[in-house]
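Residues: numbered from 1 along the sequence shown. Start at 1 and go down the list; that is how both ligands and their atoms are numbered.
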Amino acid sequence: MLKGKCAIITGAARGIGKAIALKLASLGANIVLNYRSSEDEAKIVAAEIEKMGVEVLTVKGDISNLNEVENLINTAKERFGIIDIIVNNAGITKDTLILRMKEEDFDSIIDVNLKGVFNCLKSVTPVMVKQKHGKIINISSVVGVVGNAGQVNYAASKAGVIGMTKSLAKELGGRGINVNAVAPGFIETDMTSTLGDKVKEEAKKNIPLKKFGTTEDVAGVVAFLASEDSKYITGQVINVDGGMVM
Ligand code: NAI
């Protein structure tokens, strides 16, 4: 389905990003695996991908730093000559109520989750415009749609990602580039493992499917958006949340 395509995935050393990298590789895509600091974890994922018979390039880089993102895009372009797919997955949380939220708690989340995605979009767009095709998939969150107490910073960043997705879909629609977002609900990863059991049980009560999602649930939808099956879809936000938000 994605044979010979080049796909960049940010923050792909673990969690949802790792599952996306493995899924796209299993469909035949060559993978550019970005990580910020977890080199050992990235190498393990890269080895797993290589076993699938596709090429993999690991590139260290902090997405909140435009120079490092430009290096990521240039390195991918030099190696594969083309960038068919980018999945802007890397993200962080720093949850607390606004009464306790410090200015740096807000700024650091915006720097990574919003400015980081902007940096990737800014750097990859000229390449995709020139080649006249591309699939951009931004990982937002249902929290960016409905909000969540204790996540003013995170919700603002993820709502911003949705705004950027829709704006860029309008800018690039005539140039053969699809831009969509995926909004996961509760997915079992390191990011959610810090939540207490009580919080988790309460959360499940509000999920029609009565369970948390897996990283593979998100990866499957990303694979669809990266494929030709979704060629008439752009500017959309697809919730992968067990029906939590509808
Ligand atoms: P995770 O914490 O397991 O993985 C995130 C990855 O991004 C890590 O490998 C981390 O090193 C990397 N990363 C963080 N900052 C970075 C930076 N500045 N530059 C490059 N890489 C960086 O998180 P998870 O759960 O896999 O989340 C992936 C994405 O999905 C995030 O954008 C998150 O906000 C989003 N999401 C996750 C949900 C969940 O329930 N787990 C729900 C909704 C959205």
TODO: Before signing off on this row, confirm whether Ile187 and ligand 1 have an N or O atom pair separated by under 3.5 Å.
DONE: yes
Open item on the list: Between ligand 1 and Ser38, is the shortest N or O to N or O distance under 3.5 Å?
Closed with: no
TODO: Check each of Met128, Lys135, Lys5 against Asp84 using the side-chain contact (heavy atoms from CB on, under 4.5 Å) test, and report the only one that passes.
DONE: Lys5
Open item on the list: Keeping Ser227 on the side-chain end and Asp229 on the backbone end, is there a donor-acceptor pair under 3.5 Å?
Closed with: yes
TODO: Could you check atom 11 (O) of ligand 1 against the protein and tell me its nearest heavy-atom contact, residue, atom and distance included?
DONE: Arg36 NH2, 3.9 Å
Open item on the list: Measuring only between side-chain heavy atoms, which start at C-beta, is Pro184 closer than 4.5 Å to Ile139?
Closed with: yes
TODO: Identify, by atom number and element, the atoms of ligand 1 in contact range of Asp62, meaning under 4.0 Å from any of its heavy atoms.
DONE: 17 (C), 18 (N), 19 (N)
Task: Taking atom 25 (O) of ligand 1 as the reference point, the nearest protein heavy atom with its distance - done: Thr189 OG1, 2.5 Å
Open item on the list: Looking at Ser157 and Tyr154, would you say the former's side chain and the latter's main chain have a donor-acceptor pair under 3.5 Å?
Closed with: yes
- [ ] Mark up the atoms of ligand 1 that fall under 4.0 Å of a heavy atom belonging to Ile92, in ascending order.
- [x] 14 (C), 15 (N)
Task: Nearest non-hydrogen protein atom, atom 8 (C) of ligand 1 - done: Arg14 NE, 3.8 Å
Task: Part of Ile63 within contact of ligand 1 (heavy atoms, under 4.0 Å) - done: both
- [ ] Report yes if some N/O of Ser64 lies less than 3.5 Å from some N/O of ligand 1; otherwise report no.
- [x] no
Open item on the list: List the residues meeting ring pair (Phe, Tyr, Trp, His ring centres under 6.0 Å) with Phe106, not counting sequence neighbours, and say none if there are none.
Closed with: none
Task: For atom 26 (O) of ligand 1, the protein heavy atom that lies nearest, with its residue and separation - done: Ile16 N, 2.8 Å
Open item on the list: As an exercise, identify every atom of ligand 1 less than 4.0 angstrom from a heavy atom of Gly91.
Closed with: 5 (C), 7 (O), 14 (C), 31 (C), 32 (O)
TODO: Using distance alone, determine whether Ala13 and ligand 1 share an N or O pair under 3.5 Å.
DONE: no
Task: Residues which pass salt bridge (Lys or Arg N to Asp or Glu O under 4.0 Å) with Arg175, listed by chain and number, not counting sequence neighbours - done: none
Task: Taking atom 43 (C) of ligand 1 as the reference point, the nearest protein heavy atom with its distance - done: Pro184 O, 3.4 Å
- [ ] Would you mind listing which atoms of ligand 1 come within a distance below 4.0 Å of any non-hydrogen atom of Phe186?
- [x] 40 (O)
TODO: Tell me which protein heavy atom sits closest to atom 12 (C) of ligand 1, plus the residue, atom name and distance to 0.1 Å.
DONE: Gly11 CA, 3.7 Å
- [ ] May I ask you to identify, for Ser140, whether its side chain, its backbone, both or neither come under 4.0 Å of ligand 1 on a heavy-atom basis?
- [x] backbone
TODO: Write out the residue and atom name of the closest protein heavy atom to atom 22 (C) of ligand 1, then the distance separating them to 0.1 Å.
DONE: Ala90 CB, 3.5 Å
Task: Heavy-atom side-chain proximity of Ile63 to Glu68 below 4.5 angstrom - done: no
Task: Test of proximity, Ser141 against ligand 1: N or O pairs below 3.5 Å - done: no
Task: ligand 1 to Asn89 polar contact by distance, N or O atoms, under 3.5 Å - done: yes
Open item on the list: Is there a polar contact, in the sense of an N or O pair closer than 3.5 Å, between Thr192 and ligand 1?
Closed with: no
Task: side-chain hydrogen bond (donor to acceptor under 3.5 Å, both in side chains), paired with Asn88, selected from Thr10, Asn119, Asn138, Asn34 - done: Asn138
Open item on the list: Under 4.0 Å from a heavy atom of Gly61: which atoms of ligand 1 are those, numbered in the order shown and with their elements?
Closed with: 19 (N), 20 (C)
- [ ] For the residue pair Asn180 and Gln236, confirm or rule out a side-chain donor-acceptor distance under 3.5 Å.
- [x] no
- [ ] Measure Thr215 to ligand 1 on non-hydrogen atoms and call it side chain, backbone, both or neither using the 4.0 Å cut-off.
- [x] neither
Open item on the list: For atom 34 (O) of ligand 1, what's the nearest protein heavy-atom neighbour? Residue, atom name and distance, please.
Closed with: Tyr154 OH, 2.6 Å
Task: Ile98, CD1: over 12 other non-hydrogen atoms inside 6.0 angstrom - done: no
Task: Passing option when Ser123 is tested against Asn71, Leu72, Ile86, Leu66 for side-chain contact (heavy atoms from CB on, under 4.5 Å) - done: Leu66
- [ ] Compute whether any side-chain donor of one residue and acceptor of the other, for Thr214 and Asp217, lie under 3.5 angstrom apart.
- [x] yes
Open item on the list: So for Glu188, does at least one of its heavy atoms come nearer than 4.0 angstrom to any atom of ligand 1?
Closed with: no
TODO: Would you verify whether the NZ or CZ of Lys204 falls within 45 degrees of the ring axis of Phe212 while also being under 6.0 Å from that six-membered ring's centre?
DONE: yes
- [ ] Answer with yes or no whether Gly185 contacts ligand 1, where contact means a heavy atom under 4.0 Å from a ligand atom.
- [x] yes
- [ ] State if Ala12 counts as touching ligand 1 under the rule of any non-hydrogen atom under 4.0 Å.
- [x] no
Task: Heteroatom proximity flag, Val112 to ligand 1, N/O under 3.5 Å - done: no
TODO: Compare all side-chain heavy atoms of Val152 with those of Met101 and state whether any distance is below 4.5 angstrom.
DONE: yes
Open item on the list: Under a 3.5 Å distance rule, please check whether Asn148 uses its side chain to pair with a backbone N or O of Gln151 as donor and acceptor.
Closed with: no
Open item on the list: Can a donor-acceptor pair be found, under 3.5 Å and without considering hydrogens, that links the side chain of Thr58 to the backbone of Leu33?
Closed with: no
